[in-house]
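Naming convention: chains lettered A, B, ... in sequence-line order (proteins, then strands); numbering from 1 in each chain. Scope of the values below: all heavy atoms of this structure, side chains included, with no hydrogens, waters or symmetry mates.
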Protein chains: 2
Amino acid sequence: MSAAITAKGQVRRDALLDAVIRVLERGGLCSVTHRAVANEAGLPLSAATYYFATLDDLLTGALRRATEGQVQLFARLRDGTLADFAEALHRWTHVDRASAIAQYELLLLAMRRDGLREAADSWYRALEEALEATAGVARPQVAALTLDGLVLRMLWRGEPSSVGAIEAALREILGDAHDRPDRLPPSTTSGSSA
Amino acid sequence: MSAAITAKGQVRRDALLDAVIRVLERGGLCSVTHRAVANEAGLPLSAATYYFATLDDLLTGALRRATEGQVQLFARLRDGTLADFAEALHRWTHVDRASAIAQYELLLLAMRRDGLREAADSWYRALEEALEATAGVARPQVAALTLDGLVLRMLWRGEPSSVGAIEAALREILGDAHDRPDRLPPSTTSGSSA
DNA sequence: CCTAATCTGGTACGTTCGTTCCAATCTAAG
DNA sequence: CTTAGATTGGAACGAACGTACCAGATTAGG
(Lines give C-alpha, C1' and ligand atoms only; values in the text may rest on other atoms or scores of the structure.)
Protein backbone atom coordinates (compact mmCIF):
# COMPACT_ATOMS: atom_id res chain seq x y z
CA MET A 1 0.00 0.00 0.00
CA SER A 2 1.51 3.27 -1.01
CA ALA A 3 -0.46 5.78 -3.04
CA ALA A 4 -3.82 5.07 -1.45
CA ILE A 5 -5.83 7.96 -2.86
CA THR A 6 -3.96 10.74 -4.56
CA ALA A 7 -5.04 14.35 -4.49
CA LYS A 8 -5.30 14.49 -8.24
CA GLY A 9 -7.56 11.45 -8.17
CA GLN A 10 -9.93 13.21 -5.79
CA VAL A 11 -10.10 16.21 -8.10
CA ARG A 12 -11.12 13.97 -10.98
CA ARG A 13 -13.64 12.19 -8.81
CA ASP A 14 -15.33 15.46 -7.90
CA ALA A 15 -15.21 16.69 -11.48
CA LEU A 16 -16.98 13.53 -12.59
CA LEU A 17 -19.69 13.84 -9.95
CA ASP A 18 -20.29 17.45 -10.93
CA ALA A 19 -20.54 16.31 -14.51
CA VAL A 20 -23.18 13.77 -13.50
CA ILE A 21 -25.36 16.58 -12.18
CA ARG A 22 -24.97 18.57 -15.38
CA VAL A 23 -25.78 15.59 -17.57
CA LEU A 24 -28.74 14.86 -15.34
CA GLU A 25 -29.98 18.42 -15.69
CA ARG A 26 -29.78 18.29 -19.43
CA GLY A 27 -31.24 14.91 -20.27
CA GLY A 28 -32.61 13.14 -17.21
CA LEU A 29 -31.65 9.91 -15.51
CA CYS A 30 -31.49 7.76 -18.64
CA SER A 31 -28.90 9.99 -20.26
CA VAL A 32 -26.39 9.42 -17.47
CA THR A 33 -23.79 7.08 -18.98
CA HIS A 34 -20.13 6.62 -18.40
CA ARG A 35 -19.41 8.12 -21.78
CA ALA A 36 -21.68 11.13 -21.35
CA VAL A 37 -20.31 11.92 -17.91
CA ALA A 38 -16.70 11.53 -18.97
CA ASN A 39 -17.28 13.69 -22.01
CA GLU A 40 -19.03 16.35 -19.92
CA ALA A 41 -16.09 16.38 -17.52
CA GLY A 42 -13.60 16.55 -20.40
CA LEU A 43 -12.06 13.23 -19.42
CA PRO A 44 -11.57 9.97 -21.29
CA LEU A 45 -14.11 7.19 -20.85
CA SER A 46 -11.65 5.16 -18.81
CA ALA A 47 -11.50 7.83 -16.14
CA ALA A 48 -15.22 7.41 -15.48
CA THR A 49 -15.05 3.63 -15.37
CA TYR A 50 -11.92 3.66 -13.28
CA TYR A 51 -13.22 5.86 -10.47
CA PHE A 52 -16.82 4.64 -10.68
CA ALA A 53 -16.94 1.05 -11.79
CA THR A 54 -20.71 0.88 -12.20
CA LEU A 55 -23.36 3.41 -13.14
CA ASP A 56 -24.82 3.01 -9.69
CA ASP A 57 -21.60 4.20 -8.10
CA LEU A 58 -21.79 7.27 -10.29
CA LEU A 59 -25.38 8.07 -9.34
CA THR A 60 -24.85 7.22 -5.70
CA GLY A 61 -21.91 9.56 -5.46
CA ALA A 62 -23.77 12.31 -7.26
CA LEU A 63 -26.73 12.09 -4.92
CA ARG A 64 -24.51 12.18 -1.87
CA ARG A 65 -22.70 15.19 -3.25
CA ALA A 66 -25.91 17.01 -4.14
CA THR A 67 -27.39 16.21 -0.76
CA GLU A 68 -24.45 17.79 1.02
CA GLY A 69 -25.08 21.06 -0.76
CA GLN A 70 -28.78 20.94 0.01
CA VAL A 71 -28.17 20.21 3.67
CA GLN A 72 -25.96 23.28 3.86
CA LEU A 73 -28.69 25.36 2.23
CA PHE A 74 -31.22 24.23 4.81
CA ALA A 75 -28.75 24.93 7.57
CA ARG A 76 -28.38 28.46 6.29
CA LEU A 77 -32.15 28.84 6.51
CA ARG A 78 -31.92 28.17 10.19
CA ASP A 79 -29.92 31.31 10.76
CA GLY A 80 -31.34 33.66 8.12
CA THR A 81 -34.60 35.48 7.74
CA LEU A 82 -37.73 34.18 6.10
CA ALA A 83 -37.16 36.51 3.17
CA ASP A 84 -33.71 35.04 2.68
CA PHE A 85 -35.15 31.57 2.61
CA ALA A 86 -37.87 32.61 0.20
CA GLU A 87 -35.28 33.97 -2.15
CA ALA A 88 -33.15 30.83 -1.88
CA LEU A 89 -36.23 28.74 -2.57
CA HIS A 90 -37.09 30.89 -5.56
CA ARG A 91 -33.64 30.52 -6.98
CA TRP A 92 -33.66 26.79 -6.44
CA THR A 93 -37.06 26.09 -8.00
CA HIS A 94 -37.14 28.69 -10.75
CA VAL A 95 -33.68 29.91 -11.68
CA ASP A 96 -31.88 26.62 -11.10
CA ARG A 97 -34.97 24.60 -11.87
CA ALA A 98 -33.10 21.99 -13.88
CA SER A 99 -30.79 21.41 -10.96
CA ALA A 100 -33.72 20.97 -8.59
CA ILE A 101 -35.37 18.49 -10.93
CA ALA A 102 -32.11 16.59 -11.16
CA GLN A 103 -31.94 16.33 -7.39
CA TYR A 104 -35.49 15.03 -7.18
CA GLU A 105 -34.71 12.48 -9.85
CA LEU A 106 -31.86 11.24 -7.71
CA LEU A 107 -34.05 11.23 -4.63
CA LEU A 108 -36.68 9.23 -6.49
CA LEU A 109 -33.95 6.83 -7.49
CA ALA A 110 -33.16 6.50 -3.80
CA MET A 111 -36.55 4.85 -3.36
CA ARG A 112 -35.27 1.91 -5.37
CA ARG A 113 -31.66 1.66 -4.25
CA ASP A 114 -31.16 0.83 -0.60
CA GLY A 115 -27.66 2.27 -0.74
CA LEU A 116 -29.17 5.70 -1.31
CA ARG A 117 -31.67 5.53 1.52
CA GLU A 118 -29.18 7.16 3.86
CA ALA A 119 -28.61 10.14 1.60
CA ALA A 120 -32.33 10.75 1.17
CA ASP A 121 -32.76 10.45 4.90
CA SER A 122 -30.14 13.05 5.71
CA TRP A 123 -31.71 15.43 3.19
CA TYR A 124 -35.06 15.02 4.87
CA ARG A 125 -33.66 15.31 8.36
CA ALA A 126 -31.81 18.49 7.51
CA LEU A 127 -35.07 20.10 6.41
CA GLU A 128 -36.87 19.06 9.57
CA GLU A 129 -34.08 20.21 11.84
CA ALA A 130 -33.91 23.55 10.11
CA LEU A 131 -37.63 24.02 10.59
CA GLU A 132 -37.48 23.01 14.23
CA ALA A 133 -34.76 25.56 14.83
CA THR A 134 -36.65 28.29 13.03
CA ALA A 135 -38.52 30.54 15.40
CA GLY A 136 -42.28 30.71 15.19
CA VAL A 137 -42.94 27.45 13.42
CA ALA A 138 -45.92 25.92 15.14
CA ARG A 139 -45.74 22.37 13.79
CA PRO A 140 -42.32 21.76 12.22
CA GLN A 141 -43.03 18.14 11.33
CA VAL A 142 -46.14 19.08 9.42
CA ALA A 143 -44.46 22.13 7.95
CA ALA A 144 -41.67 19.93 6.56
CA LEU A 145 -44.24 17.91 4.63
CA THR A 146 -45.97 21.02 3.36
CA LEU A 147 -42.73 22.65 2.34
CA ASP A 148 -41.81 19.53 0.41
CA GLY A 149 -45.15 19.64 -1.33
CA LEU A 150 -44.71 23.34 -2.06
CA VAL A 151 -41.40 22.72 -3.79
CA LEU A 152 -42.93 20.02 -5.95
CA ARG A 153 -45.85 22.27 -6.78
CA MET A 154 -43.49 25.01 -7.86
CA LEU A 155 -41.54 22.58 -10.00
CA TRP A 156 -44.67 21.14 -11.60
CA ARG A 157 -46.86 24.19 -12.02
CA GLY A 158 -44.47 27.07 -11.59
CA GLU A 159 -46.51 28.68 -8.86
CA PRO A 160 -45.97 30.54 -6.70
CA SER A 161 -43.49 32.13 -9.04
CA SER A 162 -42.30 35.34 -7.40
CA VAL A 163 -40.13 35.76 -4.35
CA GLY A 164 -42.89 37.71 -2.64
CA ALA A 165 -45.52 35.09 -3.30
CA ILE A 166 -43.18 32.38 -2.07
CA GLU A 167 -42.53 34.31 1.13
CA ALA A 168 -46.26 34.73 1.64
CA ALA A 169 -46.79 31.02 1.10
CA LEU A 170 -44.02 30.28 3.58
CA ARG A 171 -45.67 32.52 6.13
CA GLU A 172 -48.89 30.66 5.58
CA ILE A 173 -47.16 27.32 5.98
CA LEU A 174 -44.82 28.04 8.84
CA GLY A 175 -46.95 30.26 10.97
CA ASP A 176 -50.26 29.38 12.53
CA ALA A 177 -53.45 30.06 10.65
CA HIS A 178 -54.83 33.00 12.52
CA ASP A 179 -55.30 35.68 9.93
CA ARG A 180 -55.90 33.71 6.71
CA PRO A 181 -58.49 30.97 7.00
CA ASP A 182 -57.84 29.51 3.54
CA ARG A 183 -56.02 29.76 0.24
CA LEU A 184 -52.45 30.03 -0.67
CA PRO A 185 -51.77 33.60 -1.72
CA PRO A 186 -51.63 34.09 -5.48
CA SER A 187 -48.53 35.47 -7.12
CA THR A 188 -48.16 39.09 -6.09
CA THR A 189 -45.40 40.57 -8.22
CA SER A 190 -45.01 38.46 -11.35
CA GLY A 191 -47.73 36.81 -13.34
CA SER A 192 -48.80 33.19 -13.49
CA SER A 193 -47.01 30.46 -15.37
CA ALA A 194 -47.23 29.66 -19.06
CA MET B 1 -60.79 6.03 -44.77
CA SER B 2 -62.49 2.96 -43.45
CA ALA B 3 -61.16 1.18 -40.39
CA ALA B 4 -60.12 4.33 -38.55
CA ILE B 5 -59.37 2.80 -35.16
CA THR B 6 -60.43 -0.77 -34.66
CA ALA B 7 -61.55 -2.24 -31.39
CA LYS B 8 -58.76 -4.78 -31.41
CA GLY B 9 -56.26 -1.99 -31.89
CA GLN B 10 -57.54 -0.25 -28.80
CA VAL B 11 -57.16 -3.43 -26.78
CA ARG B 12 -53.54 -3.70 -27.81
CA ARG B 13 -52.95 -0.06 -27.08
CA ASP B 14 -54.24 -0.46 -23.53
CA ALA B 15 -52.30 -3.68 -23.05
CA LEU B 16 -49.12 -1.88 -24.04
CA LEU B 17 -49.75 1.03 -21.69
CA ASP B 18 -50.41 -1.37 -18.82
CA ALA B 19 -47.19 -3.11 -19.70
CA VAL B 20 -45.36 0.21 -19.49
CA ILE B 21 -46.48 0.58 -15.89
CA ARG B 22 -45.33 -2.93 -15.01
CA VAL B 23 -41.93 -2.42 -16.64
CA LEU B 24 -41.66 0.89 -14.87
CA GLU B 25 -42.43 -0.72 -11.53
CA ARG B 26 -39.80 -3.36 -12.02
CA GLY B 27 -36.87 -1.41 -13.39
CA GLY B 28 -37.52 2.32 -13.42
CA LEU B 29 -37.71 4.83 -16.22
CA CYS B 30 -34.55 3.76 -18.03
CA SER B 31 -35.79 0.21 -18.47
CA VAL B 32 -38.80 1.31 -20.48
CA THR B 33 -37.98 0.37 -24.05
CA HIS B 34 -40.10 -0.65 -26.98
CA ARG B 35 -38.76 -4.16 -26.70
CA ALA B 36 -39.29 -4.50 -22.96
CA VAL B 37 -42.83 -3.16 -23.16
CA ALA B 38 -43.78 -5.35 -26.11
CA ASN B 39 -42.32 -8.39 -24.41
CA GLU B 40 -44.14 -7.60 -21.17
CA ALA B 41 -47.40 -7.30 -23.09
CA GLY B 42 -46.72 -10.53 -24.97
CA LEU B 43 -46.66 -8.73 -28.29
CA PRO B 44 -44.04 -8.45 -31.02
CA LEU B 45 -41.75 -5.44 -31.11
CA SER B 46 -43.56 -4.05 -34.13
CA ALA B 47 -46.77 -3.71 -32.18
CA ALA B 48 -45.12 -1.31 -29.76
CA THR B 49 -43.51 0.75 -32.48
CA TYR B 50 -46.66 0.75 -34.58
CA TYR B 51 -49.00 2.10 -31.92
CA PHE B 52 -46.41 4.26 -30.20
CA ALA B 53 -43.87 5.52 -32.67
CA THR B 54 -41.54 7.07 -30.10
CA LEU B 55 -40.67 6.25 -26.51
CA ASP B 56 -42.20 9.54 -25.51
CA ASP B 57 -45.57 8.49 -26.88
CA LEU B 58 -45.33 5.38 -24.77
CA LEU B 59 -44.52 7.25 -21.58
CA THR B 60 -47.00 10.00 -22.29
CA GLY B 61 -49.81 7.52 -22.78
CA ALA B 62 -48.82 5.62 -19.65
CA LEU B 63 -48.86 8.75 -17.51
CA ARG B 64 -52.23 9.78 -18.85
CA ARG B 65 -53.61 6.34 -18.15
CA ALA B 66 -52.15 6.20 -14.65
CA THR B 67 -53.43 9.67 -13.91
CA GLU B 68 -56.97 8.66 -14.81
CA GLY B 69 -56.90 5.94 -12.21
CA GLN B 70 -55.47 8.26 -9.59
CA VAL B 71 -58.08 10.92 -10.29
CA GLN B 72 -60.78 8.33 -9.72
CA LEU B 73 -59.16 7.34 -6.44
CA PHE B 74 -59.18 10.93 -5.25
CA ALA B 75 -62.79 11.30 -6.36
CA ARG B 76 -63.70 8.33 -4.24
CA LEU B 77 -62.08 10.04 -1.26
CA ARG B 78 -64.54 12.85 -1.65
CA ASP B 79 -67.45 10.56 -0.88
CA GLY B 80 -65.90 8.11 1.58
CA THR B 81 -64.80 8.37 5.18
CA LEU B 82 -61.39 9.42 6.38
CA ALA B 83 -60.67 5.84 7.40
CA ASP B 84 -61.42 4.69 3.88
CA PHE B 85 -59.01 7.22 2.49
CA ALA B 86 -56.36 6.27 5.00
CA GLU B 87 -56.66 2.66 3.93
CA ALA B 88 -56.49 3.58 0.26
CA LEU B 89 -53.41 5.67 0.96
CA HIS B 90 -51.83 2.83 2.88
CA ARG B 91 -52.42 0.40 0.05
CA TRP B 92 -51.06 2.84 -2.48
CA THR B 93 -47.86 3.74 -0.64
CA HIS B 94 -47.06 0.43 1.04
CA VAL B 95 -48.77 -2.50 -0.66
CA ASP B 96 -48.56 -1.13 -4.18
CA ARG B 97 -45.44 0.89 -3.42
CA ALA B 98 -43.76 0.04 -6.69
CA SER B 99 -46.77 1.32 -8.57
CA ALA B 100 -46.75 4.56 -6.63
CA ILE B 101 -43.06 5.06 -7.31
CA ALA B 102 -43.70 4.43 -10.99
CA GLN B 103 -46.36 7.11 -11.02
CA TYR B 104 -44.07 9.63 -9.40
CA GLU B 105 -41.36 8.78 -11.89
CA LEU B 106 -43.80 9.63 -14.65
CA LEU B 107 -44.85 12.81 -12.87
CA LEU B 108 -41.23 13.83 -12.53
CA LEU B 109 -40.81 13.18 -16.22
CA ALA B 110 -43.70 15.55 -16.77
CA MET B 111 -41.49 18.35 -15.46
CA ARG B 112 -39.34 17.94 -18.57
CA ARG B 113 -41.93 17.19 -21.23
CA ASP B 114 -44.40 19.93 -21.92
CA GLY B 115 -46.81 17.42 -23.41
CA LEU B 116 -47.20 15.86 -19.99
CA ARG B 117 -47.87 19.09 -18.14
CA GLU B 118 -51.59 18.66 -18.64
CA ALA B 119 -51.66 15.20 -17.10
CA ALA B 120 -49.69 16.29 -14.06
CA ASP B 121 -52.02 19.24 -13.71
CA SER B 122 -55.17 17.16 -13.73
CA TRP B 123 -53.65 14.85 -11.14
CA TYR B 124 -52.93 17.79 -8.91
CA ARG B 125 -56.30 19.42 -9.48
CA ALA B 126 -58.12 16.21 -8.63
CA LEU B 127 -56.40 16.10 -5.26
CA GLU B 128 -57.23 19.72 -4.50
CA GLU B 129 -60.86 19.37 -5.54
CA ALA B 130 -61.26 16.25 -3.45
CA LEU B 131 -59.88 18.06 -0.43
CA GLU B 132 -62.09 21.07 -1.02
CA ALA B 133 -65.14 18.82 -1.14
CA THR B 134 -64.15 16.96 2.00
CA ALA B 135 -65.94 18.26 5.05
CA GLY B 136 -63.92 19.77 7.85
CA VAL B 137 -60.78 20.63 5.91
CA ALA B 138 -59.76 24.05 7.06
CA ARG B 139 -57.19 24.96 4.37
CA PRO B 140 -57.57 22.61 1.41
CA GLN B 141 -54.87 24.30 -0.66
CA VAL B 142 -52.32 23.93 2.10
CA ALA B 143 -53.56 20.45 2.93
CA ALA B 144 -53.00 19.38 -0.66
CA LEU B 145 -49.35 20.35 -0.37
CA THR B 146 -48.98 18.58 2.95
CA LEU B 147 -50.71 15.46 1.71
CA ASP B 148 -48.35 15.38 -1.24
CA GLY B 149 -45.41 15.66 1.11
CA LEU B 150 -46.85 12.94 3.31
CA VAL B 151 -47.05 10.53 0.40
CA LEU B 152 -43.43 11.22 -0.53
CA ARG B 153 -42.37 10.77 3.06
CA MET B 154 -44.11 7.41 3.21
CA LEU B 155 -42.45 6.34 -0.01
CA TRP B 156 -39.01 7.48 1.14
CA ARG B 157 -39.00 6.55 4.80
CA GLY B 158 -41.91 4.14 5.12
CA GLU B 159 -43.56 6.16 7.86
CA PRO B 160 -46.27 6.36 8.91
CA SER B 161 -46.61 2.70 8.10
CA SER B 162 -49.90 1.52 9.60
CA VAL B 163 -53.40 2.43 8.50
CA GLY B 164 -54.13 3.81 11.96
CA ALA B 165 -51.05 6.02 11.98
CA ILE B 166 -51.88 7.28 8.52
CA GLU B 167 -55.40 8.15 9.58
CA ALA B 168 -54.04 10.02 12.58
CA ALA B 169 -51.65 11.91 10.34
CA LEU B 170 -54.50 12.75 8.01
CA ARG B 171 -56.55 14.06 10.90
CA GLU B 172 -53.59 16.21 11.90
CA ILE B 173 -53.21 17.51 8.37
CA LEU B 174 -56.80 18.00 7.35
CA GLY B 175 -58.31 19.26 10.58
CA ASP B 176 -57.31 22.37 12.41
CA ALA B 177 -54.60 22.23 15.01
CA HIS B 178 -56.62 22.63 18.16
CA ASP B 179 -55.83 19.54 20.19
CA ARG B 180 -52.28 18.68 19.07
CA PRO B 181 -49.88 21.60 19.06
CA ASP B 182 -47.06 19.70 17.38
CA ARG B 183 -45.69 16.46 16.06
CA LEU B 184 -46.96 14.00 13.61
CA PRO B 185 -48.23 10.97 15.52
CA PRO B 186 -45.81 8.05 15.49
CA SER B 187 -46.90 4.71 14.13
CA THR B 188 -49.49 3.24 16.46
CA THR B 189 -50.02 -0.37 15.42
CA SER B 190 -46.93 -1.53 13.53
CA GLY B 191 -43.35 -0.60 14.25
CA SER B 192 -41.12 1.85 12.52
CA SER B 193 -39.26 1.22 9.32
CA ALA B 194 -35.91 -0.48 8.86
C1' DC C 1 17.10 5.05 -6.39
C1' DC C 2 13.59 1.26 -6.57
C1' DT C 3 9.40 -0.95 -6.43
C1' DA C 4 4.68 -1.43 -6.20
C1' DA C 5 0.44 0.70 -6.57
C1' DT C 6 -2.34 4.16 -8.61
C1' DC C 7 -3.56 6.37 -12.55
C1' DT C 8 -4.02 7.16 -17.65
C1' DG C 9 -5.68 6.88 -22.30
C1' DG C 10 -7.00 4.05 -25.92
C1' DT C 11 -9.09 -0.02 -28.10
C1' DA C 12 -12.29 -3.63 -28.72
C1' DC C 13 -16.10 -7.11 -27.89
C1' DG C 14 -20.73 -8.34 -27.36
C1' DT C 15 -25.29 -6.64 -26.28
C1' DT C 16 -29.21 -3.83 -26.62
C1' DC C 17 -31.40 -0.13 -28.35
C1' DG C 18 -34.47 3.02 -31.68
C1' DT C 19 -35.75 2.95 -36.01
C1' DT C 20 -36.89 1.48 -40.64
C1' DC C 21 -38.58 -1.50 -44.05
C1' DC C 22 -41.58 -4.93 -46.05
C1' DA C 23 -44.59 -8.66 -47.33
C1' DA C 24 -48.62 -10.86 -45.51
C1' DT C 25 -53.05 -10.57 -43.16
C1' DC C 26 -57.19 -8.64 -41.46
C1' DT C 27 -61.18 -5.40 -41.41
C1' DA C 28 -64.83 -2.56 -42.75
C1' DA C 29 -67.07 0.34 -46.19
C1' DG C 30 -69.03 0.50 -50.90
C1' DC D 1 -66.97 -9.50 -53.60
C1' DT D 2 -63.64 -5.81 -53.89
C1' DT D 3 -60.56 -2.70 -52.29
C1' DA D 4 -58.22 0.70 -49.55
C1' DG D 5 -56.58 1.33 -45.21
C1' DA D 6 -55.38 -0.68 -40.74
C1' DT D 7 -52.70 -4.17 -38.68
C1' DT D 8 -49.26 -7.80 -38.08
C1' DG D 9 -44.85 -10.18 -37.54
C1' DG D 10 -40.24 -10.55 -38.71
C1' DA D 11 -35.75 -8.95 -40.17
C1' DA D 12 -32.10 -5.79 -40.43
C1' DC D 13 -29.01 -1.46 -39.84
C1' DG D 14 -26.37 1.83 -37.49
C1' DA D 15 -25.52 3.85 -33.06
C1' DA D 16 -24.59 3.80 -28.28
C1' DC D 17 -23.93 1.29 -24.39
C1' DG D 18 -21.36 -1.45 -20.23
C1' DT D 19 -17.49 -3.73 -19.65
C1' DA D 20 -12.97 -5.63 -20.01
C1' DC D 21 -8.37 -5.28 -21.26
C1' DC D 22 -3.64 -3.43 -21.55
C1' DA D 23 0.71 -0.94 -22.10
C1' DG D 24 2.64 3.22 -20.64
C1' DA D 25 2.97 7.17 -17.27
C1' DT D 26 2.86 8.87 -12.69
C1' DT D 27 3.23 8.79 -7.86
C1' DA D 28 4.31 7.59 -3.10
C1' DG D 29 6.74 4.82 0.30
C1' DG D 30 11.07 2.34 1.67
Side-chain angles (χ1 to χ4, degrees), chain A residues 1-63 105-106 109 112-113 115-116, chain B residues 1-63 105-106 109 112-113 115-116:
Chain A
M1 58 218 70
S2 55
I5 288 178
T6 68
K8 192 162 190 174
Q10 194 60 39
V11 170
R12 281 199 160 190
R13 234 179 285 261
D14 291 344
L16 286 167
L17 291 185
D18 286 342
V20 171
I21 301 293
R22 288 197 299 274
V23 171
L24 209 48
E25 290 176 6
R26 199 180 316 127
L29 257 180
C30 305
S31 65
V32 175
T33 68
H34 278 124
R35 280 177 173 84
V37 170
N39 194 56
E40 173 71 32
L43 296 174
L45 165 62
S46 324
T49 62
Y50 176 74
Y51 288 104
F52 303 92
T54 80
L55 270 185
D56 248 45
D57 294 336
L58 220 39
L59 292 170
T60 301
L63 174 57
E105 278 174 337
L106 285 175
L109 184 72
R112 298 183 173 279
R113 309 271 202 273
L116 296 181
Chain B
M1 57 220 73
S2 55
I5 289 180
T6 68
K8 192 162 190 174
Q10 195 58 40
V11 170
R12 280 198 160 189
R13 235 179 284 261
D14 291 344
L16 286 168
L17 291 185
D18 286 342
V20 171
I21 302 292
R22 289 197 299 275
V23 171
L24 209 48
E25 291 177 6
R26 199 181 315 128
L29 256 180
C30 304
S31 65
V32 175
T33 68
H34 278 124
R35 282 176 172 84
V37 170
N39 194 56
E40 174 70 30
L43 295 174
L45 165 64
S46 325
T49 62
Y50 175 74
Y51 288 105
F52 302 92
T54 80
L55 270 185
D56 248 44
D57 294 338
L58 219 40
L59 292 169
T60 301
L63 174 58
E105 278 174 337
L106 284 176
L109 184 71
R112 298 183 174 281
R113 310 273 199 273
L116 295 181

* To do: Looking only at side-chain atoms of Thr54(B), point me to the closest of dT19(C), dA6(D), dG9(C).
  => dT19(C)
* Over how many whole Å does the gap from His34(A) atom NE2 to dA15(D) atom P extend? -> 23 Å
* Structure fact -> Side-chain contact check for Ser46(A): nearest option of dG9(C), dC17(D), dC17(C) is dG9(C)
* Structure fact -> Separation of dT20(C) atom P from Phe52(B) atom CZ, nearest Å, is 17 Å
* Residue pair Phe52(B) / Leu17(B), side-chain heavy-atom distance below 4.5 Å -> yes
* For the residue pair Leu24(B) and Leu106(B), establish whether any side-chain heavy-atom pair is separated by less than 4.5 Å. => yes
* To do: Grab the CD-P distance between Gln10(A) and dT27(D) for me, whole Å please.
  => 16 Å
* Asked: So what does Arg12(B) hit on the nucleic acid, given a heavy-atom distance under 4.0 Å: a base, only sugar-phosphate, or nothing?
  -> sugar-phosphate
* Apply side chain to side chain contact (heavy atoms under 4.5 Å, CB included) to Val23(A) and Asn39(A), showing your working. => CA-CA 10 Å; Val23(A) 171; Asn39(A) 194 56; over 6 Å; no
* Please work out if Ala53(A) contacts a base, only the sugar-phosphate, or nothing of the nucleic acid, heavy-atom cut-off 4.0 Å. => sugar-phosphate
* Asked: Taking the side chain of Thr49(B) as its heavy atoms from C-beta onward, which of dG10(C), dT19(C), dT8(D) lies nearest to it?
  -> dT19(C)
* Structure fact -> Between the CG atom in Asp56(B) and the CG atom in Leu116(B), the distance rounded to the nearest 0.5 Å is 7.0 Å
* Asked: Between dT8(C), dG18(D), dG9(D), which one does the side chain of Leu55(A) approach most closely?
  -> dG18(D)
* Counting side-chain heavy atoms from C-beta on, which of dT19(D), dG18(C), dG9(C) comes nearest to Leu45(A)? -> dT19(D)
* Rounded to the Å, how far apart are Arg35(B) CZ and dG9(D) P? -> 16 Å
* So what does Leu43(A) hit on the nucleic acid, given a heavy-atom distance under 4.0 Å: a base, only sugar-phosphate, or nothing? -> nothing
* To do: Please work out if Thr33(A) contacts a base, only the sugar-phosphate, or nothing of the nucleic acid, heavy-atom cut-off 4.0 Å.
  => sugar-phosphate
* Rounding to a whole Å, what distance do you find between Tyr50(B):OH and dT25(C):P? -> 17 Å
* Distance in angstrom units between Tyr51(A) OH and dA5(C) C1', rounded -> 13 Å
* **Under 3.5 Å: donor-acceptor pair, side chain of Arg112(A), backbone of Glu25(B)** => yes
